[in-house]
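All ligand and atom numbering here is 1-based and tracks the order in the structure. Index from 1, following the sequence.
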Amino acid sequence: MELTGMNVVVAGAGIGGMAAAVLLARAGASVTLVERSSAGHAVGAGILLQPNGIAVLDGLGVAEALRRRGCRLDRALLRDVSGAVLAPLTAPAYAPGLDHMLAVRRAELHTVLLDAVAAEPGVRLRLGTTVTGCEPDATVVTADGERLGADLAVGADGVHSAVRTSGGFPARARPTGHVYLRGLVPRNAIAAEPGETWAPAGIVGGAPVDADTWYFYASATAPGVAEAVAARDLAALRRLWERVHPAAVPLLERVRSFDDLLVNDVVRVDCARWYDGRRVLVGDAAHAMAPTAGQGANSALVDGAVLVGRLATASTVEEALADYDRLRRPAVTRVQDRADLLSRLAHQRNPAVRWLRDVALRAAGGRRAGDRVAREAQQVDPVALRELVRRLDRSGT
Ligand SMILES: Cc1cc2nc3c(=O)[nH]c(=O)nc-3n(C[C@H](O)[C@H](O)[C@H](O)COP(=O)(O)OP(=O)(O)OC[C@H]3O[C@@H](n4cnc5c(N)ncnc54)[C@H](O)[C@@H]3O)c2cc1C
């Protein structure tokens with residue numbers, strides 16, 4: 001299908017929305033990207049990109065900038081609370097550039113995508129504009145009562161998506177009961193290796209995101225921990241971690257105030273379909289998931305590439321949206337299920353079950369098994385994905 005002359009409104013300029021907007025514009029569409037925040041800056045600490053997400057960013061021409069600003073991870077480790085290795089967390093070696101993970105500050109990822117949006121004549125960015133609804137014919141309604149007509153509306157407006165809740169997407173947004181803390185701390189003298197520890201009180205993980213900064217995340221749902229978080233009591237949190245997970249204490253010691261921590265409730269979103277009429281969902285709007293597979297943002301990037309790929313090759317918008325749903329929804333649902341399983345395993349409180357879990361992980365956690373699990377999480381072949389993104393670019397960028 002010819003995308004030139006097609007008007008698309010993308011709701012939400014997060015990672016998924018910005019990537020989709022640039023992909024659409026490079027394929028010929030005229031895009032209005034509508035973002036409720038007036039600053040357009042990132043909320044978040046760090047993020048780990050995997051080969052599928054890197055493939056899309058590489059195809060867009062922004063991965064090299066991120067490699068310069070972030071940290072390439074060739075290996076990370078999953079450990080138990082004693083520090084013993086349970087399994088390697090590796091990126092499969094698909095091809096040069098697609099054989100590692102990348103740890104970056106969210107702000108850096110946001111900046112390179114925002115620069116790509118700004119450099120794209122086919123994208124008009126409207127900050128400070130809140131979408132309140134979207135009609136099946138793709139008319140997007142804003143909080144000011146404006147009606148933005150379009151040939152296609154893309155809901156990239158996150159877990160509480162206004163496009164999704166406009167109707168037409170039988171959906172369930174279910175709080176998982178898990179809460180995560182995230183933060184950036186000075187890297188100096190942190191002895192930790194990149195990776196994750198499954199402690200009795202939950203998950204603690206992290207990685208360097210540049211020469212001076214360490215990104216960490218920790219689940220905060222265990223009894224005591226949850227109360228300390230609710231009371232925003234950093235000292236109590238430090239005392240608790242000291243008892244249950246001493247290795248995490250140096251991280252919390254570097255946090256100056258509770259306000260420097262981000263606190264997120266994890267919600268899982270399931271939709272019976274990702275499109276309705278001429279509106280379609282990408283990213284967390286369609287499939288918010290537990291962070292345990294590290295695939296929320298990576299999957300959002302893949303969504304945009306597959307959606308625009310189908311629009312460019314199908315005969316009609318309807319056919320493209322149906323193909324997109326068929327190609328993406330089952331694959332992402334499998335990853336959501338895996339993320340939930342990992343979350344259940346990681347948050348196991350029963351010591352006997354934890355012991356059994358660790359024995360099983362050590363037995364299965366060789367490099368080959370780790371490689372297979374990591375490949376399944378990518379959903380698509382990253383090499384083909386990067387080629388697709390490059391092929392879609394009709395602008396000669
Ligand atoms: C602790 C934690 C760690 C994580 N780590 C990773 C990781 O390492 N790797 C990974 O791949 N994923 C990770 N994730 C998941 C990842 O953060 C999300 O999946 C990703 O940010 C989703 O991107 P998105 O663009 O779909 O949505 P969002 O990032 O939520 O962006 C939505 C955008 O839409 C805007 N918006 C919302 N409503 C409206 C409206 N009504 N009108 C206009 N604009 C609107 C918002 O302001 C925002 O800019 C993690 C999540 C958590 C909680």
How far is [atom] from its nearest protein heavy atom, and which residue and atom is that?
atom	result
atom 12 (N) of ligand 1	A297 N, 3.1 Å
atom 26 (O) of ligand 1	D284 N, 2.9 Å
atom 41 (N) of ligand 1	V131 O, 2.9 Å
atom 51 (C) of ligand 1	P291 CB, 4.0 Å
atom 33 (C) of ligand 1	G14 N, 3.6 Å
atom 44 (N) of ligand 1	R36 N, 3.1 Å
atom 34 (O) of ligand 1	G12 CA, 3.2 Å
atom 9 (N) of ligand 1	L48 O, 3.2 Å

Give yes if a backbone or side-chain nitrogen or oxygen of [X] is under 3.5 Å from a nitrogen or oxygen of ligand 1, and no if not.
X	value
E35	yes
G16	yes
I15	yes
N298	yes
G294	yes

Would you please test R75 and E193 for salt bridge (Lys or Arg N to Asp or Glu O under 4.0 Å) and show each step? CA-CA 9 Å; R75 187 179 90 134; E193 268 190 87; 3.4 Å; yes
So is R329 actually on top of Y324's ring, under 6.0 Å and inside 45° of the axis?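 The answer is no, since R329 fails at least one limit relative to Y324.
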Would a 4.5 Å heavy-atom cut-off, applied to side chains only, mark V249 and L251 as touching?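 Sidechains of L251 and V249: no contact.
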Would a 4.5 Å heavy-atom cut-off, applied to side chains only, mark L301 and L60 as touching?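 Answer no - side chains too far apart.
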Give a yes-or-no answer on whether the side chains of [X] and [Y] include a donor-acceptor pair shorter than 3.5 Å.
X	Y	result
Q379	R328	yes
T213	R105	yes
H178	N264	no
D144	T142	no
E318	Y275	no

Under a 4.0 angstrom heavy-atom cut-off, which atoms of ligand 1 come close to [X]?
X	answer
G283	26 (O)
T130	41 (N), 42 (N)
Y180	1 (C)
A156	32 (C), 33 (C), 34 (O)

Part of [X] with heavy atoms under 4.0 Å of ligand 1, whether side chain, backbone, both or neither:
X	value
A288	neither
S161	neither
Y217	neither
R106	side chain
T129	backbone

V266 to ligand 1, any heavy atom closer than 4.0 Å: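 Flag not set, V266 not near ligand 1.
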Is ligand 1 less than 4.0 angstrom away from at least one heavy atom of S37?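 In this structure, S37 fails to qualify as a contact of ligand 1 - no heavy atom is under 4.0 Å.
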Using the salt bridge (Lys or Arg N to Asp or Glu O under 4.0 Å) rule, take R268 and D270 through it: C-alpha gap first, then chi angles, then the decisive distance, then the call. CA-CA 7 Å; R268 172 169 171 160; D270 288 279; 2.8 Å; yes
Is it true that L86 and L77 fall in one hydrophobic cluster, defined by side-chain heavy atoms closer than 4.5 Å?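 No; tracing contacts between hydrophobic side chains, which count when under 4.5 Å, never links both residues.
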Are L234 and V263 in one and the same hydrophobic cluster, where Ile, Leu, Val, Met, Phe, Trp and Tyr link if side-chain heavy atoms are under 4.5 Å apart?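 Result: yes, single cluster for both.
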For the pair H347 and Y180, name the ring-plane relationship: parallel under 30°, tilted 30 to 60°, perpendicular over 60°.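 Rings of H347 and Y180: perpendicular, as their planes differ by over 60°.
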Option whose closest heavy atom lies nearest to [atom], chosen from [options]:
atom	options	answer
atom 39 (C) of ligand 1	D157, V269, L33	D157
atom 53 (C) of ligand 1	H287, M289, Q295, R182	R182
atom 27 (O) of ligand 1	A39, G158, S219	G158
atom 15 (C) of ligand 1	A45, G296, A19	G296

Show your working on side chain to side chain donor-acceptor pair (under 3.5 Å) between Q378 and Y94 and close with a plain yes or no. CA-CA 11 Å; Q378 307 306 304; Y94 289 99; 5.1 Å; no
Before giving the answer on salt bridge (Lys or Arg N to Asp or Glu O under 4.0 Å), spell out for E64 and R69 the whole-Å C-alpha distance, their side-chain angles and the decisive distance to 0.1 Å. CA-CA 9 Å; E64 210 37 57; R69 297 172 193 208; over 6 Å; no
Using side chain to side chain contact (heavy atoms under 4.5 Å, CB included), reason through D80 and W355 one step at a time and then give a plain yes or no. CA-CA 10 Å; D80 70 13; W355 181 83; over 6 Å; no
